Amino acid sequence: GSGGNEAAAPGQPDKVTVGVIPILDVAPIYLGLEKGFFDERDIDLELAQAEGGAAIVPAVVSEQYQFGFSNVVSLLLAQSEGLPVKVVSNGNNSTGVDGEDFAGLMVKGDSPIRTAKDLEGRTVAANTLSNIVDTSVRASVRKAGGDPSKVEFVALPFPEQPAALAGGQVDAVFVVEPFQQAVLAEGGRRIASSYVDAADDLTVAAYFTSQQLLSENPDLVLRFTEAMQESLSYADSHPDEARAVIGTYTKIAPEVIEKVTLPKWPAEVNRDSLQTMADLAVEDGLIEAAPDLDALLP
Amino acid sequence: MIRRIALAVALPVVLVAAWWFASAGSTDFYFPPLKRILEVFPETWFGPRMVDDVLPSLARLGIGYAAALVAGIGLGMLIGANRTLRAVVEPLLEFLRAVPPPVLVPILMLMAGIGDLMKVLVILSGCLWPILLNTVEGVRAVDEVLKDTCRSYKIRGRLRLLHLTVRSASPQIVAGARQALSIGIILMVISEMFAASSGIGFTVIQFKDGFRIPQMWSGVLLLGLLGVLLAWAFRLVERRVLGWYLGMRAGIQGVRKER
Amino acid sequence: MKVLLGLAGLVGFGVLLEIAPRIGLVPARYAPPTSDILGTLGEQARRGEFWGAVGDTLGTWLLGLVIAVVLGVVTGVAIGSVPVLRAATASTIEFLRPIPSVALIPLVVVLYGSTVEATLILVVYAAFWQVLIQTLAGVADIDPVAADTARSYHLNRWARVRWLVWPTALPYVVTGIRLAATVALILTITGELVIGSPGLGQEIANARTSGAVPVMYALIVVTGLFGVAANVLTRAAERRALAWHPSVRTEVPA
Amino acid sequence: MLTVNGLSKTYDAKGRHVEAIGDVSFSVADGEFVCVVGPSGCGKTTLLRCIAGLLPPTSGEIVVEGKVVDGPPDGLAVVFQEYGRSLFPWLRVRDNVDLPLRAAGTGKAKRRELVTGALDAVGLSDAHAAYPWQLSGGMQQRVAIARAIAYQPRVLLMDEPFAAVDAQTRADLEDLLRSVWQRLGVTLLFVTHDIDESVYLGQRVVMLSSSPTTVAEDLAIDLPAERDQLGTRADPRFTELRGQVYAQIQKAKQERT
Amino acid sequence: MLTVNGLSKTYDAKGRHVEAIGDVSFSVADGEFVCVVGPSGCGKTTLLRCIAGLLPPTSGEIVVEGKVVDGPPDGLAVVFQEYGRSLFPWLRVRDNVDLPLRAAGTGKAKRRELVTGALDAVGLSDAHAAYPWQLSGGMQQRVAIARAIAYQPRVLLMDEPFAAVDAQTRADLEDLLRSVWQRLGVTLLFVTHDIDESVYLGQRVVMLSSSPTTVAEDLAIDLPAERDQLGTRADPRFTELRGQVYAQIQKAKQERT
Ligand SMILES: Nc1ncnc2c1ncn2[C@@H]1O[C@H](COP(=O)(O)OP(=O)(O)OP(=O)(O)O)[C@@H](O)[C@H]1O
Ligand SMILES: Nc1ncnc2c1ncn2[C@@H]1O[C@H](COP(=O)(O)OP(=O)(O)OP(=O)(O)O)[C@@H](O)[C@H]1O
Ligand SMILES: [Mg+2]
Ligand SMILES: [Mg+2]
């Protein structure tokens, strides 16, 4: 371990590394760092960027990192496989507004596909399979009255999706910002906001830690949670500052940052939405038994 | 013969035993006991996944590898035999070679879509280099007296290519092809990390993302076994293609073997 | 002369990639023309972080390469010159080689976190095999008459390695190093990209998730240039070390 | 007709500058059999490689059958001094002999006849399926000779082709070569370091000085065209000529030292 | 003392089964100079490689200095027939000669003296900085000889070591070899295909039959120890011995055919 889990010497701040993905969703933690919400609580925060959960989860479990950022379905999967993870703070939620979310199910402008039901027999790109994206898209299909088992999914990272859609290699994509803007700029059309369809005010991602750290240093976890909550609330109520901070840790072009739809950043995890997600995951066969949300959530 | 087999299996047996016992009581989530990995192995791979994942992967690997052989040897002959051409293309090839597959894949996707063709191209793009480089070097190193022999006896064109250039470079080409084989397996996995819905690599990544670590390990095991199997097949081919070479070089090994 | 020809090759390729998007052969949004990429590269070069990332990547790459080459050559010569060892290790080597470094990512992260060490392990693991296999092939290429000469003059093991095995294997090793150099570079970038250890790879990942296509390509161009530089260096070293070899002695001087 | 005109050749490798051939001129008539002798390292191989169009001269020119040589001339065959390296190790003996014929587009039946004939003539009929590296040095050299003979060249250059064979085989090969020469009317340039052999075989002996090489003497061998190992070598004229060559070589040597 | 006892060697490669040596026994006393002659391909090289411990015999045994050979014996040097391939192309001439001495742990000054001396003796003092592939065939062969001489072996095996040099150089090298032999008292086994040479050089000539090889004749050469090129070769006894060897070889040949 890098020493963060040992009690710090008096007056010395705890060194804490958090694994994050350089996307819009983590703007609050960057903002909170800037605003000093972590310093105030004696947390010397360092943010480590990784491409996805592949590197973050194992690093947190092995206590290389103290905390990490991950989508909730990954955390449900991890927990159901017996990985000792524990959510400590909300990450971000969908906007809850159909047609105005930070992620969307999109087709080409001239596509005959009108609703999610039309996706039957079509190919949809998702960044990873058997995870939050395809589960949400299936929810959209169901809601539109279609049979989700007739939809074909292909794994394709977000950055590659706009080109694949434009090139006609897939019929629909599910992208988050800023790729949503990219698709729109090419004349793409949104047919559903799947995160909104999946559950009301869906908690999409959360910050988590390992059970070990929680039992060894509950005080640190508590301070981190408080700092996170303050950051989330601040970001939620100061979208302009959030937009500004995004420009510092991503390479998204400034004019795009102006346009992107930001997610919601409530301080608390929406437990009901997670229950819905867990049920969907069971229904779609991602996990076998209903997960124990109490064990996962704070 | 028995001695040879014993030699071939001794080290693997020792290593597997070491792994078995070292991991026996493991509670580490990412390092499950070997016993557990072996338990999930058959159910993971010998079911429908054999047809849905393993075979398509192998087919793509085979096509990509074969294409790399043809392209690598063909281009290598051209580049190796022609100094000016070599000077022109070498920096460019080195440039392309240094582009990591994870960033190359999106570019290939633009050109070849997301289907099998793209995956074959990814495999080709990785396997090509060891074959190409070794061919170029092999062609450059053709014995001068042999070259002179061909020149003075007017052995040119196809005959010269087949009977001098290819044959003389073949030990090095085979060394490259051997390298390329395992690189091909690796790229088979990488190609399936992008834009896939089936394949060994895809499945392994799925297991990893789904935190099904014993299954993931069983996939790693499968890839290793695949490597051994292909290397063994490779050796059979090598023995045919390089019979003269192994015989000629046996001088050194032969003495010790007979003792 | 040779340098000019090589430059011509690179420039020609650049021009091709300039024209293709301009005439609509490929979508310019996803494959920007060369001029855009180079312009962006110029912008990047004015950022301090860019040079920091370049330094990180160079460091990891070279360190990993050196370790892999040393390990590969030493093991290769040792295994290759002892037939028993060769027979005993063959199957194990074939088992370990095709295991993709990417599959090892969770494991190295568990062991080392998103650190340079984790990336380094991947780099060494991947590049090692390139050197090893080439070295083994080189050691097997010893001329029997030369080997007999060495034996009958009682060159001891070390002298045989130094004066017979090593020079014979050297052309193969050089090819191995050239292969390993790029594989190491590729894994440095990939490791940084996926694991998130600092360096160009992380910058590429960031550009990618931000949809900043020209930036991404600008960074890839830098990687490619690293590859070219590595080749120039190994070629120069080869010309010195292999002056006696037919492939070098018949080469027209640069 | 083969003419060497003011030939000179300097090797200029890094760290080693050798003026191998100083100034050599001579000519060989069509169908003539000329032997070349000279001390080790004097440039015989270099000369042959220049004539064969394998090495560009530093100055001077070579004309073969009316054409200035700037690449291997047509209908010319070479038996290299490095016989071992001039055989393709991946081809069996018969394929080694066969390959130049295939390249020349000779028909299959004809090729088989020529290959078998040539291998028989050099006494290797039972080694045709072996690889070159399975043969003894002398056998390898005989394969190289068989390859040249089967090729039926109009001009044949041979660089110490009998160096690795025993006395008896050598005598047989000498007679074989003379009969091939008489039968095919081939122009023959034969490098040897055996003085007796040069006198026994050729119509002329060109003696080279040590390098930078010049032609030290060009001696006509006026022995009868019909030669045989015992009779000719016992001929007093043979002994006389032999003595002349020997003396000339001694002289060239003394002038140097 | 070097004893070859019932040696036989069969090559059994795929597609080529050759009984190279049938049954050969002979012995060489310490400090003796024995020449071996035999037809091309009869197994002389094979015999030498067996004695040098480089090739395990199929049956029989070889004893060198009291020890049964199962690997290269100490103090033994070999000049290979394939001189070109036995030189390391990556080492300059002097380093090629020097290497065995370094391996033997000879001191630096001593090594320099031996190397320079040996290269001078074979007439290559001005080629010491060249690479082997920059030398003519005869020069390469002399490098191999220089390497063996500089090594100062107790047993020296030479496989047609003068095949590629001209008559004059050959004569010089023959005398050099005899003087080295007399000075160092080395046991010498010398394969040649030159009958005159075998008689001129050795104390005994072992004649081999063609393969499967046996010893056809073992002839003592009772010429005086002091030999010189003109005198000895003019000696009637020389002519007589030479005739005997020749006749024996002819006989062996006739028996076969
Ligand atoms: N590739 C080369 N580079 C440099 N020098 C060379 C090269 N080839 C030959 N020489 C030099 O040229 C000279 C003549 O060599 P050449 O091989 O023609 O001699 P030769 O008459 O055939 O001798 P031999 O009878 O020993 O075969 C020698 O001094 C040799 O060192
Ligand atoms: N590596 C090998 N594999 C198979 N057969 C071989 C091998 N080496 C030699 N032979 C065979 O053994 C026989 C004897 O060969 P060897 O080289 O000992 O003859 P030699 O007496 O040295 O002839 P030369 O005077 O021509 O050099 C030959 O028939 C040859 O074909
Ligand atoms: Mg020569
Ligand atoms: Mg021999």
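Keep in mind that this is a model prediction, so the values were computed, not measured.
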Query raised in the report: Relative to chain D, which segment of E:Y246 carries a heavy atom at a distance below 4.5 Å: side chain, backbone, both, or neither?
Result: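 It is the side chain, since no backbone atom gets that close.
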
Query raised in the report: With a 4.5 angstrom heavy-atom cut-off, which part of E:R142 approaches chain D: side chain, backbone, both or neither?
Result: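 It is the side chain, since no backbone atom gets that close.
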
Query - Distance, nearest 0.5 Å, that separates CG of E:D194 from CG of D:D194 - result: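 It comes to 7.5 Å.
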
Query raised in the report: Nearest 0.5 Å, what's the CH2-CD distance between D:W133 and E:E82?
Result: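 These two atoms lie 13.0 Å from each other.
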
Query raised in the report: Hey, which residues of residues 35-50 of chain D are touching chain E, say heavy atoms under 4.5 Å apart?
Result: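 Heavy-atom contacts from residues 35-50 of chain D to chain E are D:G38, D:P39, D:S40, D:G41.
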
Query raised in the report: Which one, E:S136, E:A163, E:A130, leads in non-hydrogen pairs under 4.5 Å with chain D?
Result: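 Heavy-atom pairs under 4.5 Å are most numerous for E:A163.
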
Query raised in the report: Is the side chain of D:H193 donor-acceptor paired with the backbone N or O of E:Q168 at a distance under 3.5 Å, no angle test?
Result: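 Checked: no pair found.
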
Report task. Answer with side chain, backbone, both or neither: which region of D:D159 has an atom nearer than 4.5 Å to a non-hydrogen atom of chain E? Result ->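 Nothing of D:D159, per the 4.5 Å heavy-atom cut-off to chain E.
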
**Report entry** Under 4.5 Å from any heavy atom of chain E - which part of D:A20
**Finding:**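 Neither the backbone nor the side chain of D:A20 comes within 4.5 Å of chain E.
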
Query raised in the report: More than 12 non-hydrogen atoms from neighbouring residues, nucleotides or ligands closer than 6.0 Å to CZ on E:R112, yes or no?
Result: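 Check fails, neighbour count at 12 or below.
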
Report task. Would you mind telling me which of D:A167, D:A164, D:G123, D:G84 has the largest number of heavy-atom pairs within less than 4.5 Å of chain E? Result ->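 Among the listed options, the one with the most contacts to chain E is D:A164.
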
Query - Leading residue by heavy atom contact count with chain E [cutoff under 4.5 Å; candidates D:V165, D:V18, D:D196] - result: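 Highest number of heavy-atom pairs under 4.5 Å: D:V165.
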
